[in-house]
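Worksheet: one structure, shown below.
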Amino acid sequence: MSTAFPHVNSPIPQRLPVVIVGAGPAGLTLGNILRAASVDCVVLEAESREFIERRPRAGVLEERAVRGLERRGLAGNLLARAQRHTECEFRFGGERRRLPYTELTGHHHFVYPQPLLVTDLVREYADLRGGDIRFGVRDVRLHDLDTDRPSVSYRCPESGERRVIRCDFVAGCDGARGVTRTALPPHRTRIARHDYGIGWLALLAEAPPSSDCVVFGVHPNGFAGHMARSPEVTRYYLQCPPGDDPANWPHERVWAELRQRLGAADAPPLTEGRLIEKRVLDMHNHVVAPMAYGRLFLAGDAAHLTAPIAAKGMNLALHDAFLLGDALAGYLTRGDDDGLAGYSAACLGRVWDYQEFSQWLAEVFHGPASGDPFRAGTSLARLRRLFDSRGAASAFAEQYLGSSPLGSW
């Protein structure tokens, strides 16, 4: 929460133009953009470097996001190592149907696990560009955000002392459960939320991918998903009740459900392996508007949470970071405040477009298992239309790839 400046027992404050709270893709990309513009900043992160470089997260990147990283000198390893996907596959009614989205749009996806991207961004920011990043910080607090002299304080993990950093701007990139989102005053903020009423059992299997593309299984038992992460590891999803206990899903049950829900004529058998991650995600979305208050600007999951239904979360985080980085650099180096003034509106246009697409796709995935014959029928009608109409397929591909003209990256 934003509070008055802690005068008592505070060491002499440090002064920096920008404090970035959170070392995920948004915060690290933002830090690199500012360093490249010769703007001093510091990144504050509650976890260790080892933790953020290993934390399992998303791996599907839109081509536009990758090109944005490339233009900023941040995509060298990604372009050398990432897989390129050009189509996806739906399995329903015992059939396999491929949707060649690159053929339809000229664009493709990159598959590059988020831990690898974070590792690249940390190395670029801290090791190569000499950026200041402080790991393991505790009890981060934001102060005087509605003035031109905001500050951020935190407890140093080594000494236990409270350290204070005065700044011109604070960037909140610390996720949906972070402190920066709670610093927004309720009377100035609207939070729109949608709960799907379902869960996804998120799995990482120590097994090679069983397909050369993303596979969506639409089944009366519930949705199942197959997403390659690396040649040795595959991400799977299984629809389950919200709040389900992962312990209810032993190895045998997981693979039996995956075989059933992803089963189709002529489909290759799944390559099974040890499950190295099992956690239940309750599917919900939220959007914070505006994404700024005073000298605080939010980016990524701190501002908008998108369920992993359409693989949009990391892409939106990068889009925010590109816009915010360029806007802060423009203001701090040239006095140009247009980017900051338009930041929230520019981000929210894409956010709401992606939220709508995720909601549409969620109904395709989950309608057949809803127990409602009407929802099941309309969901399958949407799905069949993708393969009966080139126009419908092209519209889907454009949204799935994020290639619609919604502003620059």
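Nothing fancy with the numbering, it's 1 onward along the sequence.
Salt-bridge check for Glu63 with Arg84: failed, with every basic side-chain N at 4.0 Å or more from each acidic carboxylate O. Salt-bridge annotation for Arg49 and Asp127: present, with a side-chain N of the basic residue lying under 4.0 Å from a carboxylate O of the acidic one. One finds no salt bridge joining Asp353 and Lys312 here, because no Lys/Arg side-chain nitrogen approaches an Asp/Glu carboxylate oxygen to under 4.0 Å.
With sequence neighbours excluded, the residues that form a salt bridge (charged side-chain N to carboxylate O under 4.0 Å, His left out) with Glu272 are Arg259. For Arg390, there are no salt bridge (charged side-chain N to carboxylate O under 4.0 Å, His left out) partners, not counting sequence neighbours.
Residue Ala171 comes nearest to Leu324 through the heavy atom pair CB-CD2, 4.1 Å, listed as atom of the first residue, atom of the second, then distance. The heavy-atom pair separating Thr271 from Ser210 by the smallest distance is N-OG, 2.8 Å. Across Cys347 and Leu323, no two heavy atoms sit closer than the pair SG-CD1, 3.8 Å. Closest of all the heavy-atom pairs between Leu401 and Glu62 is O-CG, 3.4 Å. Of all heavy-atom pairs spanning Cys41 and Asp132, the tightest one is O-CB, 3.8 Å. Looking at every heavy atom in both residues, Ala289 comes nearest to Leu348 through CB-CD1, 3.9 Å.
Side-chain atoms of Arg64 come within 3.5 Å of backbone atoms of Ser403 as a donor-acceptor pair (strictly under, hydrogens ignored). Side chain of Asp282 to backbone of Gly243: a donor-acceptor contact under 3.5 angstrom is found. Looking at Asn315, its side chain does come within 3.5 Å of a backbone N or O of Val60 through a donor-acceptor pair. Side-chain N or O atoms of Arg72 include one that pairs as donor or acceptor with a backbone N or O of Gly68 at under 3.5 Å. In terms of modelled atom types and a separation under 3.5 Å, the side chain of Thr378 and the main chain of Arg375 share a donor-acceptor contact. Remark: the backbone N or O of Glu45 is not paired with any side-chain donor or acceptor of Arg134 at under 3.5 angstrom. No donor-acceptor pair under 3.5 Å is formed between the side chain of Arg166 and the backbone N or O of Arg15. Under the 3.5 Å distance criterion, the side-chain polar atoms of Arg253 are matched with a main-chain donor or acceptor of Asn248. Of the possible polar contacts, none joining the Ser151 side chain to the Ile165 backbone as a donor-acceptor pair under 3.5 Å is found. Between the Thr105 side chain and the Glu398 main chain, no donor and acceptor come within less than 3.5 Å of each other.
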task: List the steps and the verdict of side-chain contact (heavy atoms from CB on, under 4.5 Å) for Leu201 and Val280.
output: CA-CA 4 Å; Leu201 179 67; Val280 172; 3.9 Å; yes
task: Show your working on side-chain contact (heavy atoms from CB on, under 4.5 Å) between Leu116 and Asn77 and close with a plain yes or no.
output: CA-CA 9 Å; Leu116 296 182; Asn77 284 343; over 6 Å; no
query: Between Trp360 and Phe357, is a side-chain contact (heavy atoms from CB on, under 4.5 Å) present by the stated rule, with each step listed?
result: CA-CA 5 Å; Trp360 182 92; Phe357 178 63; 4.2 Å; yes
- request: Assess whether side-chain contact (heavy atoms from CB on, under 4.5 Å) is satisfied between Val140 and Asp174, documenting all intermediate values.
  value: CA-CA 11 Å; Val140 175; Asp174 52 343; over 6 Å; no
Identify all side-chain donor-acceptor contacts of residues 25-37 below 3.5 Å with residues at least two apart in sequence or on another chain.
{"residue": "Thr29", "atom": "OG1", "partner": "Pro25", "partner atom": "O", "Å": "2.7"}
{"residue": "Asn32", "atom": "OD1", "partner": "Tyr125", "partner atom": "N", "Å": "3.2"}
{"residue": "Asn32", "atom": "ND2", "partner": "Leu28", "partner atom": "O", "Å": "3.0"}
{"residue": "Asn32", "atom": "ND2", "partner": "Leu121", "partner atom": "O", "Å": "3.2"}
{"residue": "Arg35", "atom": "NE", "partner": "Arg129", "partner atom": "O", "Å": "3.1"}
{"residue": "Arg35", "atom": "NH2", "partner": "Arg129", "partner atom": "O", "Å": "2.5"}

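A 6.0 Å sphere centred on CZ of Arg54 holds no more than 12 heavy atoms belonging to other residues, nucleotides or ligands. Within 6.0 Å of OH in Tyr331 there are 12 or fewer heavy atoms belonging to other residues, nucleotides or ligands. Residue Arg98 places its CZ atom among more than 12 non-hydrogen atoms of other residues, nucleotides or ligands, all under 6.0 Å distant. The environment of Arg190 atom CZ is sparse: at most 12 non-hydrogen atoms of other residues, nucleotides or ligands sit within 6.0 angstrom.
Between Phe223 and Tyr237, a ring centre-to-centre spacing not shorter than 6.0 Å is recorded.
Side-chain contact between Met291 and His304 is present, with heavy atoms from C-beta onward closer than 4.5 Å. Inter-residue side-chain proximity for Phe110 and Leu79 is flagged as met; some heavy-atom pair is nearer than 4.5 Å. Between Leu117 and Met314 the shortest side-chain heavy-atom distance falls below 4.5 Å. Contact of the Val39 side chain with the Phe169 side chain is not registered, since no non-hydrogen atoms from C-beta on lie closer than 4.5 Å. With contacts defined as side-chain heavy-atom distances shorter than 4.5 Å, the pair His226/Pro209 qualifies. Side-chain contact between Asp244 and Trp249 is present, with heavy atoms from C-beta onward closer than 4.5 Å. Within the 4.5 Å cutoff, the side chain of Ile52 has heavy atoms near those of the Val122 side chain. You'll find the side chain of Thr189 reaches within 4.5 Å of the side chain of Ile191, heavy atoms only.
Aromatic ring pairs are classed by plane angle as parallel below 30°, tilted from 30° to 60° and perpendicular above 60°; the pair Tyr343 and Phe297 is perpendicular. The aromatic rings of His366 and Trp200 stand perpendicular to each other, their planes meeting at an angle above 60°, with 30° marking the opposite boundary. Using cut-offs of 30° and 60° on the angle between ring planes, the pair His194 and Tyr196 is perpendicular. Between Trp255 and Tyr236, the ring planes are perpendicular. Angles over 60° get that label, and only those under 30° would be called parallel. Between Tyr101 and His109, the ring planes lie perpendicular to each other; the angle is over 60°, past the 30° to 60° tilted range.
The distance from atom CG of Leu361 to atom CD of Gln359, rounded to the nearest 0.5 Å, is 11.0 Å. To the nearest 0.5 Å, atoms NE2 (His286) and CD (Gln355) are separated by 9.0 Å. Note: Arg261 CZ to His219 NE2 = 8.0 Å, rounded to the nearest 0.5 Å. Thr306 OG1 to Asp301 CG: the interatomic distance, rounded to the nearest 0.5 Å, is 7.5 Å. A distance of 11.5 Å separates CZ of Arg163 from CG of Leu44, quoted to the nearest 0.5 Å. Going from atom CD of Glu277 over to atom CG of Leu204 covers 4.5 Å, rounded to the nearest 0.5 Å.
When each of Phe90, Phe396, Phe92 is paired with Phe216, the ring pair (Phe, Tyr, Trp, His ring centres under 6.0 Å) condition holds for Phe90 and for no other.
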